[in-house]
Amino acid sequence: MSRFNKGSSSNATNNIQKVLMDAFKSGSGSGGSGGRSGGPTPGGLFAGGGALVGLGLLAVGFNQSLFNVDGGHRAVMYSRISGVKTQVYSEGTHFVIPWVETPILYDVRAKPRNIASLTGTKDLQMVDITLRVLSRPAVEKLPEIYKTLGTDFDERVLPSIANEVLKSVVAQFNASQLITQREKVSKLVREQLVKRAAFFNLILDDVSLTHVAFSLEFTAAVEAKQIAQQEAQRATFIVDRATQEKQSIIVKAQGEAKSAELIGEAIRNKPGFIDLRKIEAATQIAQTIANSKNRVYVDSNALMLNVNSMLGQGEQEVKAKNWL
């Protein structure tokens, strides 16, 4: 923060220079008219030089009596007589009493700041946390800030209170909770840090956790735990698959046994069941041969379809029924 801002307007400076030159010329002219030889007299030169010096001092004093407050800044006034004044000067050009008063400029725009802290969790794990804070001073409290903290107020206050708040909040959670409940942790840090900063007349527009890193040992332990859990899940899956395959084999065997039982019962009770199966087999053989590119000649025995024997057996059954 600079103590003075001496930027007066260039038009005023040019006007003062013109007035000085006119005064010097008028002084020289008045001295020349009083001499006998027509040249300037010592009295005229002294008068012109005195006017020039007076106007120069006046210009310097006027320039020192002005100071500018740029956009996004405010100023407080320190007086050698009464100390720090309670008035806060806004943007623009203002008057000041040279040597007696000194303006102090403050940047009241929000400024970002990253604060890193190494703290411990509830389960004694060390965590490296980076906190991003967007802060600005309370404009109406600038005189009090200058009295108590000076111009580097953010450097004096924010690192200490941020570290204290982070340590107190992180100590309430386990290492795993810092990841699963990060939103809750960030909310607690924001609330407590805003209260602490308000005590020092600072306004925090935003507080956020930008980085959370654990120790290498803890990271390796977490990875090993994840690998063990994945292997356990894989073993469980293998056992379940084997159980399902065993159940499938049992069901299939039961189905085949039931099918064989039904087939045997059908053969005992219905002799025509075998002939039906012969016809189905002959149909499949015939379709296969028909789809083949080679020409094949087979008899009824090859097709398992001996029509003569089937007819002879049928005649015998009819004669047996007629005899009965």
Side-chain angles (χ1 to χ4, degrees), residues 1 72 106-142 144-244:
M1 300 289 181
Y106 278 89
D107 188 355
V108 296
R109 293 171 294 188
K111 293 184 295 184
R113 184 183 184 89
N114 292 327
I115 302 172
S117 177
L118 182 63
T119 182
T121 61
K122 187 177 181 180
D123 53 353
L124 304 180
Q125 296 292 335
M126 300 306 296
V127 185
D128 187 10
I129 299 180
T130 301
L131 185 68
R132 185 180 183 274
V133 180
L134 200 62
S135 63
R136 56 187 173 87
V139 175
E140 65 278 2
K141 298 293 184 179
L142 284 178
E144 184 177 350
I145 293 176
Y146 180 70
K147 289 180 182 180
T148 56
L149 300 175
T151 55
D152 56 343
F153 56 91
D154 53 347
E155 186 70 29
R156 293 173 180 244
V157 174
L158 287 179
S160 59
I161 64 175
N163 275 281
E164 180 182 357
V165 170
L166 281 174
K167 292 181 184 298
S168 63
V169 172
V170 172
Q172 303 175 17
F173 297 88
N174 295 329
S176 59
Q177 291 176 340
L178 292 180
I179 300 176
T180 58
Q181 302 181 18
R182 182 167 181 168
E183 183 178 356
K184 182 179 179 180
V185 176
S186 180
K187 182 180 179 181
L188 289 176
V189 171
R190 184 184 304 109
E191 292 176 352
Q192 295 189 19
L193 194 58
V194 168
K195 291 180 181 179
R196 290 298 307 277
F199 180 77
F200 297 96
N201 300 316
L202 298 181
I203 300 174
L204 303 183
D205 294 330
D206 181 66
V207 178
S208 58
L209 298 177
T210 58
H211 179 70
V212 178
F214 299 93
S215 61
L216 297 178
E217 294 79 7
F218 180 77
T219 304
V222 171
E223 292 179 356
K225 181 180 179 181
Q226 293 293 330
I227 293 174
Q229 290 179 351
Q230 291 177 0
E231 291 179 351
Q233 292 177 357
R234 180 176 177 81
T236 303
F237 171 75
I238 293 174
V239 172
D240 293 340
R241 185 177 64 180
T243 304
Q244 293 295 331

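We use all heavy atoms of the structure for the numbers below, so side chains are in, but hydrogens, waters and symmetry mates are not. Being a predicted model, the structure only gives us computed values, none of them experimental.
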Validation row: Asn114, His211 side chains within 4.5 angstrom (heavy atoms): no
Side-chain touch Asp154/Val133, heavy atoms, less than 4.5 angstrom: no
Summary of salt bridge (charged side-chain N to carboxylate O under 4.0 Å, His left out) pairs that have at least one residue in residues 172-200, sequence neighbours excluded: Glu164-Arg196
Residue pair Val127 / Phe173, side-chain heavy-atom distance below 4.5 Å: no
Expected output: side-chain Asn174 to main-chain Ser176 donor-acceptor under 3.5 Å: no
Any Val212 side-chain heavy atom under 4.5 Å of Ile179 side chain: no
Gap between atom CG of Leu158 and atom CZ of Arg113 - 0.5 Å precision: 6.0 Å
Beyond-backbone contact of Ser135 with Leu202, side-chain heavy atoms, under 4.5 angstrom: no
Which atom of Ser117 lies closest to which atom of Asn163, heavy atoms considered: OG-OD1, 3.0 Å
Min side-chain heavy-atom separation Asn201-Phe153 under 4.5 Å: no
Whether over 12 other heavy atoms sit under 6.0 Å from Lys167 NZ: yes
Pairwise side-chain contact, Leu131 with Val165, heavy-atom cut-off 4.5 Å (strictly under): no
Residues that Glu144 engages under salt bridge (Lys or Arg N to Asp or Glu O under 4.0 Å), provided they are two or more places apart: none
Any side-chain heavy-atom pair of Phe199 and Ile161 under 4.5 Å: no
Ring geometry between Tyr106 and Tyr146 (parallel below 30°, tilted from 30 to 60°, perpendicular above 60°): perpendicular
Under 3.5 Å donor-acceptor, Thr210 side chain and Thr130 backbone: yes
